[in-house]
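Each remark here refers to the structure printed beneath this line.
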Amino acid sequence: DFVDFVKMFDRIINRFEMSKSKNVEFIRELPHTPIYLEIDTDKITQVIDNIISNALKYSPDGGSIHFKLNLSEDEVVVEIKDTGMGIPPKNLDHIFDRFYRVDKARARSMGGTGLGLAISKEMINAHGGRIWAESVEGKGTSVFFTLPNNADEDGEWE
Ligand code: ATP
Ligand code: MG
């Protein structure tokens with residue numbers, strides 16, 4: 001599908017903002033002009049859903065989630081940053097592995113299977129992008145992903 005990714009991202013954020021049950025503030029830093037991308041919208045929606053669900057699930061009441069979208073010459077960089085419990089450095093490389101969860105006690109109380117980020121990684125890789133996380137334990141986590149910017153300014157193919 002050929003879509004305005006800014007609008008798509010904004011609508012997904014709206015859906016979570018309307019249905020959230022926690023007191024978590026949503027902060028958007030999105031461009032004011034469209035970014036047209038050729039992507040599988042269902043799959044990329046699933047990726048964004050997974051990342052936002054995690055940010056909400058692993059954040060306490062009173063936290064915030066920052067949504068950022070930056071365009072460089074050849075790719076779009078998405079950042080979803082939370083003020084939650086964070087992830088210890090030794091676990092950070094593994095969170096994209098299938099069935100990996102940071103600690104069993106935490107995992108039991110939080111629900112889920114540990115597949116969300118593994119599936120997200122497959123989908124982003126299939127689009128020619130990258131996905132990674134940065135985190136400070138006790139302070140919060142940022143999950144980043146990129147999508148190749150495959151159209152020029154006129155929306156024509158290069
Ligand atoms: P599922 O997504 O299948 O319901 P899950 O959320 O446990 O289950 P992933 O989304 O793959 O699985 O995440 C893997 C693990 O990484 C999580 O169990 C959690 O320990 C950790 N994690 C992911 N996102 C965050 C975050 N924003 N803050 C803190 N920990 C996180
Ligand atoms: Mg998850």
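Order of listing sets the numbers, starting from 1, for every ligand and every atom in it. For clarity, every value in this text was computed on a predicted model and none was experimentally measured. Residue numbers start at 1 and run along the sequence shown.
Using a 4.0 Å cut-off between charged nitrogen and carboxylate oxygen, Glu17 and Arg28 count as a salt-bridge pair. We find that Lys7 and Asp4 are not joined by a salt bridge, their nearest charged nitrogen and carboxylate oxygen being 4.0 Å or further apart. Electrostatic pairing of Lys121 and Asp97 does not count as a salt bridge here, judged by no charged N lying under 4.0 Å from a carboxylate O.
The two atoms that bring Pro148 and Leu37 nearest to each other are O-CD2, 3.6 Å, heavy atoms only. The shortest heavy-atom contact between Val6 and Thr33 is CG2-O, 3.5 Å.
Metal site remark for the Mg ion (ligand 2): Asn54 contributes an N, O or S atom at a distance under 2.8 Å.
Heavy-atom distances between Gly114 and ligand 1 reach below 4.0 Å in at least one pair.
Residue Thr141 touches ligand 1 through its side chain alone, judged by heavy-atom distances below 4.0 Å.
In this structure, Leu69 and Phe5 have side chains that are in contact, with non-hydrogen atoms separated by less than 4.5 Å.
Heavy atoms from other residues, nucleotides or ligands lying under 6.0 Å from NZ of Lys139 number 12 at most.
For the pair Lys81 and Phe67, the cation-pi test (distance below 6.0 Å, angle within 45°) is failed.
Interface of Gly86 with ligand 1, defined as ligand atoms under 4.0 Å from a residue heavy atom, comprises 29 (C). The distance from ligand 1 to the heavy atoms of Tyr100 drops below 4.0 Å at these ligand atoms: 14 (C), 15 (C). Residue Leu117 approaches ligand 1 through these ligand atoms, each under 4.0 Å from one of its heavy atoms: 9 (P), 10 (O), 11 (O), 13 (O), 23 (C). Of all atoms in ligand 1, numbered sequentially from 1 with element shown, those under 4.0 Å from a heavy atom of Lys57 are 4 (O), 5 (P), 6 (O), 8 (O).
Any N or O atom pair closer than 3.5 Å counts here, and Ala118 shares no such pair with ligand 1. For ligand 1, the polar-atom distance check against Ile87 finds no nitrogen or oxygen pair separated by under 3.5 Å. When only interatomic distances are considered, the shortest N/O to N/O separation between Asn50 and ligand 1 does not fall below 3.5 Å. In terms of N/O distances under 3.5 Å, ligand 1 is approached by Arg101.
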